[in-house]
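Since this is a predicted model, take the numbers as computed values, not measurements.
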Amino acid sequence: MASFDIIKTFYQVDRNHPYAAIMNLWMGAAAGTVAVTITYPTDLARRKMQLSGQPGHEEFSSFLNVFTKITRQEGIKGLFKGLIPCYLKVIPSTALLFLCNE
């Protein structure tokens, strides 16, 4: 994961440091937060396109159409609707992933 590698370059963690595991846990959580925040709008658009035309869901003609309709109806905040529940899933899982792998 690129965000973890970038964070890791700023905080060099020695494996022998007494808090190395905790530091890797926090860096993994930060990396997951950065990654999901950046990619969330495209993931939301993908999900909207998958449900497009289904009963109870809005019809979209293209990926760009999803972004246009969401920003017109809900503003930029609409592109991040549902991000908090996503954080509740991603932050602990990436933190544990990097804790175990580093």
Candidate pair Phe98 and Met27, rule side-chain contact (heavy atoms from CB on, under 4.5 Å), full reasoning: CA-CA 8 Å; Phe98 286 108; Met27 287 190 302; over 6 Å; no

Quick check on the hydrophobic clustering: are [X] and [Y] connected, directly or via other members, by side-chain heavy-atom contacts under 4.5 Å?
| X | Y | result |
| --- | --- | --- |
| Leu88 | Leu97 | no |
| Phe67 | Phe60 | yes |
| Ile76 | Leu83 | yes |

Between [atom1] on residue [X] and [atom2] on residue [Y], distance to nearest 0.5 Å:
| X | Y | atom1 | atom2 | value |
| --- | --- | --- | --- | --- |
| Asn65 | Lys48 | CG | NZ | 11.5 Å |
| Lys77 | Ile70 | NZ | CD1 | 15.5 Å |
| Leu44 | Phe80 | CG | CZ | 9.5 Å |
| Ser62 | Lys69 | OG | NZ | 9.5 Å |

Under the side-chain hydrogen bond (donor to acceptor under 3.5 Å, both in side chains) test, residues paired with Arg46 that sit two or more places apart: Asp43, Gln50

Sole residue of Glu59, His57, Glu58 in side-chain contact (heavy atoms from CB on, under 4.5 Å) with Leu51: His57

Only distances under 3.5 Å count here; give the side-chain donor-acceptor pairs of residues 29-41 to other protein atoms, sequence neighbours excluded, each with its distance to 0.1 Å.
| from | atom 1 | to | atom 2 | distance (Å) |
| --- | --- | --- | --- | --- |
| Thr33 | OG1 | Ala29 | O | 2.8 |
| Thr37 | OG1 | Thr33 | O | 2.6 |
| Thr37 | OG1 | Tyr87 | OH | 2.5 |
| Thr39 | OG1 | Ala35 | O | 2.9 |
| Tyr40 | OH | Lys81 | O | 2.8 |
| Tyr40 | OH | Gly82 | O | 3.3 |

Which residues share a side chain to side chain contact (heavy atoms under 4.5 Å, CB included) with Leu96, sequence neighbours left out: Leu25, Leu99

Non-hydrogen side-chain atoms of Phe63 and Met49 separated by less than 4.5 Å: yes

